[in-house]
Visitor: 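Before we start, here is the structure in question, set down as structure tokens.
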Amino acid sequence: MSTFKSSKAYCDWRSRVQAVGGCARPVKLLRRETTRTTLPHSGLQVRTTAEDRSVWVRCGTRRAAACPSCSARYEQDAFHLVRAGLVGDEPKGVPATVADRPTVFVTLTAPSFGPVHSRPGHRPCACRAWHREADPRLGSPVDPDTYDYETAVLWNNHAGALWADFTRRLRRTLAHAGGLTIRESTEVMKVSYAKVAEYQRRGQVHFHAAVRIDGPTGPGSRPPAWATVAVLTEAVRAAATATEVDAQRADRSGLILRWGGQLDVQTIATGPADRSGPDPSAETAQADRSGSAETAGGSAGAVTSGGPGTVQAVSPGSVQAGRVASYIAKYATKSTGVTDGIDQAVTSEADIAASGASPHAQAMMRTALHLAESPHLADLRLDRWAHMLGYRGHFLTKSRAFSTTFAALRGTRAAWQIAQHQLDMGGPDVLVDVDWSVIGFGYRTAEEHHVAAQIAESIATRAKDRRTGAQGRQPLSTTSQHTSGAAA
């Protein structure tokens with residue numbers, strides 16, 4: 001590309017890459033733009049021009065493994081979305097009073113399906129060895145022949161149903177705590193949440209969620225006085241303990257799925273630091289602790305280890321709202337973490353062998369394809385979700401009343417860009433009609449892709465330096481206003 005770099009064509013190409021933030025697979029569009037100029041305040045058309053232009057736009061993926069640039073933007077949007085629901089953001093339609101609502105950070109895990117290689121702390125693994133952090137055996141079964149792969153895949157597939165049952169039981173438990181019926185409770189309070197799904201090393205999904213109690217109309221109203229953090233914490237524990245979902249194995253035998261024995265419930269504390277907003281890409285100690293947590297013990301058939309009386313809280317205390325928002329946003333951009341970013345379905349043993357996944361992940365994918373052959377499990381669509389180890393849910397979800405939406409954030413950004421374009425074209429009296437058609441995807445050569453990745457890294461570094469410098473120089477009030485505006 002040395003000759004190309006010195007040409008005008010390279011300068012044009014580089015400007016396009018910079019315009020999409022170094023996107024790894026930009027969508028190339030043909031833009032046909034018709035501009036109609038009108039007399040001010042009259043609506044009378046005086047001139048029409050047409051122009052065809054080639055335009056690149058971002059691929060828009062959330063997965064960091066597929067496109068670091070677009071996933072970074074998604075992460076920033078997710079951070080501001082979650083943060084608004086924790087500390088409030090008036091420009092986004094979330095009152096600042098939500099910072100005073102009872103709110104907890106909950107981690108719900110999967111049960112054990114057999115001992116896996118782990119680092120339990122001050123004792124060796126179940127295999128009697130001491131594993132290092134980079135040991136590729138971590139998360140894989142100690143004895144693959146006795147590991148309950150079938151239930152492990154079915155648990156992942158029903159994780160969304162477990163969450164739905166948990167939220168129903170949580171609302172019911174809170175109503176009983178206030179001496180109310182379910183119907184009566186809807187007249188005095190509303191439960192809202194934002195959650196993210198994360199894969200453990202053993203390939204099981206677990207959920208992290210910010211759960212908040214509002215008044216009956218959402219964040220603009222106060223909950224009843226009896227709805228305290230302590231009441232919410234106990235309700236979460238009771239609901240998690242009671243949650244169960246009925247399923248079937250391949251042989252049609254019944255199966256009861258529950259949460260695992262580890263339940264982490266922490267109070268979310270708000271403070272001045274949360275108003276300014278930390279770097280959403282920052283690693284947190286909490287993320288590192290929860291990301292490496294594994295359920296190592298138990299037998300292959302220990303499906304009910306999350307049953308009544310066995311769920312216990314760990315790591316009691318509180319966590320800052322800004323860290324929760326950073327944590328949820330970060331993990332919303334991850335893939336499975338055990339299948340090396342597989343994006344498409346696997347349909348055969350050959351696809352699985354070519355996936356590059358670990359032997360343990362490949363075993364889970366093969367199990368999913370085997371289960372998909374059972375007619376009574378067809379509705380689970382395990383063949384479609386085998387590459388996700390059976391999980392078929394969204395990674396980041398929230399209840400409607402928790403905060404703003406991705407659509408609102410992106411709409412505000414698009415409206416600003418349109419307004420800037422109109423100013424460049426001559427002001428509000430210029431009307432622009434645009435038709436789009438797709439003409440290509442990605443880059444032509446590996447060298448172009450490599451240079452684009454370097455540009456993306458450079459843009460990300462400069463953006464991080466600006467954030468760090470701005471937070472270091474500006475007073476708290478100014479920083480808060482700057483952060484709120486950047487989300488738009």
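By convention here, the first residue in the shown sequence is residue 1.
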Visitor: Just checking, any donor-acceptor pair under 3.5 angstrom between side chains of Thr241 and Arg237?
Guide: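 Their side chains do not contain a donor-acceptor pair, so the 3.5 Å distance test is not met.
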Visitor: Sorted by first residue and then second, give each salt bridge (charged side-chain N to carboxylate O under 4.0 Å, His left out) pair with at least one member in residues 354-381; sequence neighbours left out.
Guide: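 The answer is Glu349-Arg366.
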Visitor: Just so I know, are the side chains of Leu232 and Val265 near enough to count as touching, which here means a heavy-atom distance under 4.5 Å?
Guide: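 SC-SC contact between Leu232 and Val265 ruled out.
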Visitor: Please determine whether side chain to side chain contact (heavy atoms under 4.5 Å, CB included) holds for the pair Ile213 and Arg101, giving the CA-CA distance in whole Å, both sets of side-chain angles, and the decisive distance to 0.1 Å.
Guide: CA-CA 6 Å; Ile213 304 179; Arg101 305 282 188 262; 6.0 Å; no
Visitor: If we count only N and O atoms by modelled type, under 3.5 Å, do the side chains of Thr151 and Arg249 hold a donor and an acceptor together?
Guide: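 A donor-acceptor contact under 3.5 Å links the two side chains.
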Visitor: Of all heavy-atom pairs between Leu257 and Ala247, which one has the smallest distance, and what is that distance?
Guide: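 Closest approach of Leu257 to Ala247: CD1-CB, 3.9 Å.
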Visitor: Find the distance between CG (Asp143) and OG1 (Thr146) and round it off to the nearest 0.5 Å.
Guide: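 If I round to the nearest 0.5 Å, the distance is 3.5 Å.
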Visitor: Are the side chains of Leu170 and Val191 in touch, meaning some heavy atoms are under 4.5 Å apart?
Guide: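 Answer yes - side chains close enough.
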Visitor: Testing the 3.5 Å rule here: is there a donor-acceptor pair between the side chains of His208 and Tyr331?
Guide: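 Their side chains do not contain a donor-acceptor pair, so the 3.5 Å distance test is not met.
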Visitor: Tell me whether Arg62 forms a cation-pi arrangement with Phe395, defined as NZ or CZ under 6.0 Å from the six-membered ring centre and within 45 degrees of its axis.
Guide: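 Here Arg62 passes the 6.0 Å and 45° test against Phe395.
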Visitor: Would you kindly say whether Gln266 and Asp264 are connected by a side-chain donor-acceptor distance under 3.5 Å?
Guide: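 Note: Gln266 and Asp264 side chains meet the donor-acceptor criterion.
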Visitor: Decide if atom CD of Glu457 counts as having more than 12 heavy atoms of other residues, nucleotides or ligands within a radius under 6.0 Å.
Guide: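 12 or below, so no.
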Visitor: Which heavy atom of Ala78 sits nearest to which heavy atom of Phe406, and what is that distance?
Guide: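 What the structure gives for the nearest pair is N-CE2, 3.7 Å.
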Visitor: Take atom NE2 of His176 as the centre, draw a 6.0 Å sphere, and report whether it contains more than 12 heavy atoms from other residues, nucleotides or ligands.
Guide: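 Enclosed: over 12 neighbouring heavy atoms sit under 6.0 Å from NE2 of His176.
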Visitor: Can you name the nearest heavy-atom pair linking Met365 to Ala357, along with the distance?
Guide: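 Closest approach of Met365 to Ala357: CE-CB, 3.7 Å.
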Visitor: Where the side chain of Glu75 meets the backbone of Thr333, is there a donor-acceptor pair that is under 3.5 Å apart?
Guide: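 It does not hold such a pair.
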Visitor: Do the side chains of Val153 and Leu389 get nearer than 4.5 Å, heavy atoms only?
Guide: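 Side chain of Leu389 against side chain of Val153, heavy atoms only: no contact under 4.5 Å found.
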Visitor: Does the side chain of Arg202 pick up a donor-acceptor pair with the side chain of Gln200 at under 3.5 Å?
Guide: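 Side chains of Arg202 and Gln200: pair found under 3.5 Å.
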Visitor: Tell me, with the steps shown, if Leu263 and Thr107 meet side chain to side chain contact (heavy atoms under 4.5 Å, CB included).
Guide: CA-CA 6 Å; Leu263 171 66; Thr107 298; over 6 Å; no
Visitor: Think Arg212 forms a cation-pi with Phe402, using NZ or CZ under 6.0 Å from the six-ring centre and within 45 degrees of its axis?
Guide: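 Output yes; distance and angle both within limits.
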Visitor: Which pair of heavy atoms, one from Glu150 and one from Thr367, lies closest together, and at what distance?
Guide: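 Closest approach of Glu150 to Thr367, heavy atoms only: CA-CG2, 3.7 Å.
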Visitor: Between Asp135 and Arg119, does any side-chain N to carboxylate O distance fall below 4.0 Å?
Guide: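 No, this pair does not count.
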Visitor: Look only at the side chain of Lys195 and the backbone of Lys398, and say whether a donor-acceptor pair between them is shorter than 3.5 Å.
Guide: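 No, Lys195 side chain to Lys398 backbone: no donor-acceptor pair under 3.5 Å.
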Visitor: When you check the gap from the basic side-chain N to the acidic O, do Asp77 and Arg73 get nearer than 4.0 Å?
Guide: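 Looking at Arg73 together with Asp77, the answer is no, because their closest N to O distance does not fall below 4.0 Å.
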Visitor: Does Ser374 reach the main-chain N or O of His376 with its side chain, forming a donor-acceptor pair under 3.5 Å?
Guide: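 Between the backbone of His376 and the side chain of Ser374 there is no qualifying donor-acceptor contact (under 3.5 Å).
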Visitor: Shortest non-hydrogen contact from Trp155 to Val205?
Guide: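 Nearest pair, atom of Trp155 first, then Val205: CZ3-O, 3.2 Å.
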Visitor: Charged N to carboxylate O under 4.0 angstrom, Arg16 versus Glu448?
Guide: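 Looking at Glu448 together with Arg16, the answer is no, because their closest N to O distance does not fall below 4.0 Å.
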Visitor: In the structure I gave you, are the side-chain heavy atoms of Lys92 and Ser403 within less than 4.5 Å of one another anywhere?
Guide: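 The answer is no, as the side chains (C-beta and beyond) never meet within the 4.5 Å cut-off.
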Visitor: Roughly how far apart are Thr167 OG1 and Arg172 CZ, rounded to 0.5 Å?
Guide: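 Interatomic distance, Thr167 OG1 to Arg172 CZ, rounded to 0.5 Å: 10.5 Å.
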Visitor: When you look at Leu380 and Arg392, which way does the side chain to side chain contact (heavy atoms under 4.5 Å, CB included) test go after all the steps?
Guide: CA-CA 9 Å; Leu380 303 182; Arg392 54 176 174 168; 3.7 Å; yes
Visitor: Who are the ring-ring contact (aromatic ring centres under 6.0 Å, His included) partners of Tyr149, not counting sequence neighbours?
Guide: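 With neighbours one apart ignored, the set is Tyr147, His360.
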Visitor: Indicate yes or no: at least one non-hydrogen side-chain atom of His450 is less than 4.5 angstrom from one of Tyr443.
Guide: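 No, their side chains stay 4.5 Å or more apart.
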Visitor: Is a donor on one side and an acceptor on the other found under 3.5 Å between the side chain of Asp165 and the backbone of Thr243?
Guide: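 Such a contact is absent between Asp165 side chain and Thr243 backbone.
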Visitor: Measure from the side-chain N and O atoms of Asn157 to the backbone N and O of Gly390, and report whether any donor-acceptor pair falls under 3.5 Å.
Guide: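 A pair under 3.5 Å: yes.
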Visitor: Taking Thr347's backbone N and O only, do any of them form a donor-acceptor pair with Asp351's side chain (distance below 3.5 Å, no angle check)?
Guide: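 It does hold such a pair.
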Visitor: Scan Val324, Thr267, Val211 and name whichever one has a side chain to side chain contact (heavy atoms under 4.5 Å, CB included) with Phe105.
Guide: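 That would be Val324.
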Visitor: State, yes or no, whether a side-chain contact exists between Ser71 and Arg63 at a heavy-atom distance under 4.5 Å.
Guide: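 The answer is no, as the side chains (C-beta and beyond) never meet within the 4.5 Å cut-off.
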Visitor: Just how far is it from atom CD1 of Ile182 to atom CG of Leu174, taken to the nearest 0.5 Å?
Guide: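 Output value for this atom pair is 9.0 Å.
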Visitor: Checking the side chain of Ser458 only, and the main-chain atoms of Ile455 only, is there a donor and an acceptor separated by less than 3.5 Å?
Guide: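 Absent.
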Visitor: Can you tell me how far the CG atom of Leu369 sits from the CG atom of Asp383, to the nearest 0.5 Å?
Guide: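 Going from CG on Leu369 over to CG on Asp383, the span is 7.0 Å.
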Visitor: Under the criterion ring pair (Phe, Tyr, Trp, His ring centres under 6.0 Å), I'd like the reasoning laid out for Phe166 against Phe207: C-alpha separation, chi angles, the key distance, then a yes or no.
Guide: CA-CA 12 Å; Phe166 165 73; Phe207 293 130; 9.5 Å; no
Visitor: Is the shortest side-chain heavy-atom distance between Pro111 and Trp259 below 4.5 Å?
Guide: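 Heavy-atom side-chain distance check fails, nothing below 4.5 Å.
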Visitor: Give the intermediate values and the outcome of side chain to side chain contact (heavy atoms under 4.5 Å, CB included) for residues His387 and Ser355.
Guide: CA-CA 9 Å; His387 66 296; Ser355 67; over 6 Å; no
Visitor: Go through the structure and list residues passing side-chain contact (heavy atoms from CB on, under 4.5 Å) with Ala456, not counting sequence neighbours.
Guide: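 By the side-chain contact (heavy atoms from CB on, under 4.5 Å) rule, Ala456 matches Ser69.
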Visitor: Any heavy-atom pair between the side chains of Thr404 and Asp89 that's under 4.5 Å?
Guide: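 Asp89 does not reach Thr404 side chain to side chain.
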Visitor: Distance-only, no hydrogens or angles: does the Asn156 side chain make a donor-acceptor pair with backbone N or O of Gly203 under 3.5 Å?
Guide: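 It does hold such a pair.
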Visitor: Determine whether a donor-acceptor pair (N or O, by modelled atom type, separation under 3.5 Å) exists between the side chain of Tyr199 and the backbone of Met388.
Guide: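 Here the side-chain-to-backbone pair exists.
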Visitor: Looking at His131, I want to see if its NE2 is surrounded by more than 12 non-hydrogen atoms of other residues, nucleotides or ligands under 6.0 Å.
Guide: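 Yes, the 6.0 Å shell around NE2 holds more than 12 heavy atoms from other groups.
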Visitor: For the residue pair Pro219 and Val98, what are the closest heavy atoms and their distance?
Guide: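 Closest approach of Pro219 to Val98: CB-CG1, 3.5 Å.
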Visitor: So how far is it from Leu382 CG to His370 NE2, rounded to the nearest 0.5 Å?
Guide: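 With rounding to 0.5 Å, CG (Leu382) is 11.0 Å from NE2 (His370).
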Visitor: Test ring pair (Phe, Tyr, Trp, His ring centres under 6.0 Å) on Trp163 and Tyr193 and set out the steps.
Guide: CA-CA 11 Å; Trp163 174 261; Tyr193 66 85; 5.1 Å; yes
Visitor: So how far is it from Leu108 CG to Gln262 CD, rounded to the nearest 0.5 Å?
Guide: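 The CD atom of Gln262 is 11.5 Å from CG of Leu108, to the nearest 0.5 Å.
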